[in-house]
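What follows is a single structure, written as structure tokens, with notes after it.
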Amino acid sequence: MEGGKKQQHHHHHFVLIHGVCHGAWSWYRVSTALEAAGHRVTAPDMAGCGEEVASFEEYSRPLLDAVAALPEGEQAVLVAHSFGGQSLALAMERHPEKVSVAVFVTATMPAAGKPMTYAFNQLSQGKGPDFFMDCALGSAGDPRNPDKTFLFGPKYMARRVYQLSPPEDLTLGIAMVRPSRRFLNDDTMNGDVLTPARYGAVRRVYVVAEDDEWKPAEMQRLMASWNPGTEVMGLQGADHMPMFSKPRELSELLMVIANKYPGS
């Protein structure tokens, strides 16, 4: 090597957070690539995929426990996809000292000082029932104040979620997705829980899936603009599932980000 110095290889701990109706399985391509490069990967399943749990706190508990369990002084790279951005935000608020950088991959990105439902409401504007095609909408929880549930339909997945992904991954997704609660009535989702001093202090990057049919690129950039200091990176040719449509490019980008924002 030039100057007699060997190139340094930094090994990182990536915590991968799945999106709505999905599970840790959705990261299988990215997990494999990161581990092959020598990194440690943790990919928790959120509790009950959301339908069978009573609160957003309980839903997010596997992630919160994984971050809390990091050894003293260790920081991880937290990466969230889609709905997982809200669980990521809660982990950032609870344990900012344990996060080297938070990466939102076409994820819902809340703003400090606003309830997390604010981002959801902005995303939902202008989307009527026809937009969601064959998705199944239901209710769960207290019959007197029920929460809405959501399940992707196969036609919707093929048209708006996996449209640039390999057909075998669409087949996998259709077989594996499960209904999830939206937690629209949840105290954590509606409370003033994200503070500038904690959530707002964590370094963060937003990875825009430029060809997302469900969450348009302009909406992704709008959410990033709510959070001053967020670095925005674009991923061309990525649908709503970049881990399937652009797994190599996403994996390489995550390693670049981790090296740029090293933890302690």
Side-chain angles (χ1 to χ4, degrees), residues 16-22 26 30 78-90 92 101-133 135 137 148 150 152-153 155-165 170 173 180 182-184 189 194 196 199-200 202-247 249-254 256-257 260-261:
L16 308 179
I17 308 154
H18 65 79
V20 70
C21 301
H22 286 66
S26 62
V30 171
L78 270 56
V79 183
H81 172 245
S82 193
F83 185 80
Q86 293 166 118
S87 296
L88 169 55
L90 189 59
M92 293 161 67
V101 59
V103 187
F104 292 76
V105 180
T106 189
T108 303
M109 189 180 201
K114 292 183 181 294
M116 285 191 274
T117 50
Y118 175 79
F120 174 84
N121 292 334
Q122 295 300 305
L123 286 167
S124 300
Q125 287 186 4
K127 293 180 179 177
D130 291 344
F131 178 85
F132 292 100
M133 300 170 63
C135 294
L137 305 178
K148 293 180 179 180
F150 178 82
F152 287 117
K155 293 180 181 178
Y156 183 81
M157 292 173 69
R159 170 64 181 83
R160 300 196 191 278
V161 186
Y162 285 71
Q163 82 275 7
L164 300 177
S165 296
L170 171 61
S180 180
R182 294 186 177 183
F183 303 105
L184 298 178
M189 292 284 282
L194 301 179
Y199 167 70
V202 178
R203 300 179 297 185
R204 79 241 2 243
V205 176
Y206 199 103
V207 177
V208 176
E210 299 287 2
D211 295 284
D212 192 334
E213 292 276 346
W214 179 20
K215 190 176 295 176
E218 57 268 24
M219 186 64 216
Q220 298 174 57
R221 289 187 165 86
L222 176 61
M223 288 188 291
S225 74
W226 299 340
N227 296 273
T230 300
E231 181 174 4
V232 177
M233 300 180 175
L235 196 58
Q236 298 290 337
D239 57 21
H240 188 68
M241 306 299 295
M243 63 279 289
F244 295 143
S245 55
K246 290 291 179 181
E249 293 85 349
L250 177 58
S251 301
E252 291 175 352
L253 187 57
L254 292 178
V256 168
I257 292 169
K260 186 173 182 179
Y261 298 96

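Quick note: numbers below take in every heavy atom, side chains included, and nothing from hydrogens, waters or symmetry partners.
- A 4.5 Å side-chain heavy-atom check between Met233 and Ile257 finds at least one atom pair inside the cut-off.
- Atom-to-atom distance recorded for Tyr199:OH and Leu90:CG is 11.0 Å, nearest 0.5 angstrom.
- The shortest side-chain heavy-atom distance between Thr230 and Met109 falls under the 4.5 Å cut-off.
- For the pair His22 (side chain) and Gly173 (backbone), a donor-acceptor distance under 3.5 Å is absent.
- In this structure, Trp214 and Phe150 have parallel ring planes: the angle between them is below the 30° cut-off, well short of the 60° mark.
- In plain terms, the two heavy atoms of Ser180 and Cys21 that are nearest each other are CB-N, 4.0 Å.
- In this structure, CG on Leu250 lies 7.0 Å from CE on Met243, to the nearest 0.5 angstrom.
- Minimum heavy-atom separation, Arg182 to Met189: O-CE, 4.1 Å.
- In terms of heavy-atom proximity, Met92 sits nearest to Ala102 at SD-CB, 3.6 Å.
- Atom NZ in Lys127 sits 10.5 Å away from atom CD in Gln125 (nearest 0.5 Å).
- Side chain of Tyr162 to backbone of Ser245: no donor-acceptor contact under 3.5 angstrom is found.
- The closest side-chain heavy-atom distance from Asp212 to Met219 is not below 4.5 Å.
- Closest heavy-atom contact between Ala224 and Val232: CB-CG2, 3.8 Å.
- Residues Phe132 and Leu137 form no side-chain contact, since every pair of their non-hydrogen atoms from C-beta on lies 4.5 Å or further apart.
- With Asn227 contributing its side chain and Pro110 its backbone, the two residues share a donor-acceptor pair below 3.5 Å.
- Closest approach of Ala111 and Trp226 over heavy atoms only: CB-CB, 3.7 Å.
- A 4.5 Å side-chain heavy-atom check between Gln220 and Glu210 finds every atom pair outside the cut-off.
- Contact annotation: the side chain of Glu231 never approaches that of Arg203 to less than 4.5 Å [non-hydrogen atoms, C-beta and beyond].
- For the pair Phe183 and Phe83, the minimum side-chain heavy-atom distance is below 4.5 Å.
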Would you check, one step at a time, whether the test side-chain contact (heavy atoms from CB on, under 4.5 Å) holds for His240 with His81?
CA-CA 9 Å; His240 188 68; His81 172 245; 3.8 Å; yes

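- Atom CG of Leu235 is separated from atom CD of Glu252 by 10.5 Å, given to the nearest 0.5 angstrom.
- Geometrically, Arg204 does not engage Tyr261 in a cation-pi contact defined by less than 6.0 Å to the ring centre and at most 45° from the axis.
- Arg160 forms no cation-pi arrangement with Phe152, by the criterion of a distance under 6.0 Å to the ring centre and an angle within 45° of the ring axis.
- Under a 3.5 Å cut-off, the side chain of Asp211 and the backbone N or O of Asp239 do not form any donor-acceptor pair.
- The shortest distance between side-chain heavy atoms of Phe104 and Leu88 falls below 4.5 Å.
- The shortest heavy-atom contact between Lys215 and Thr106 is NZ-O, 3.2 Å.
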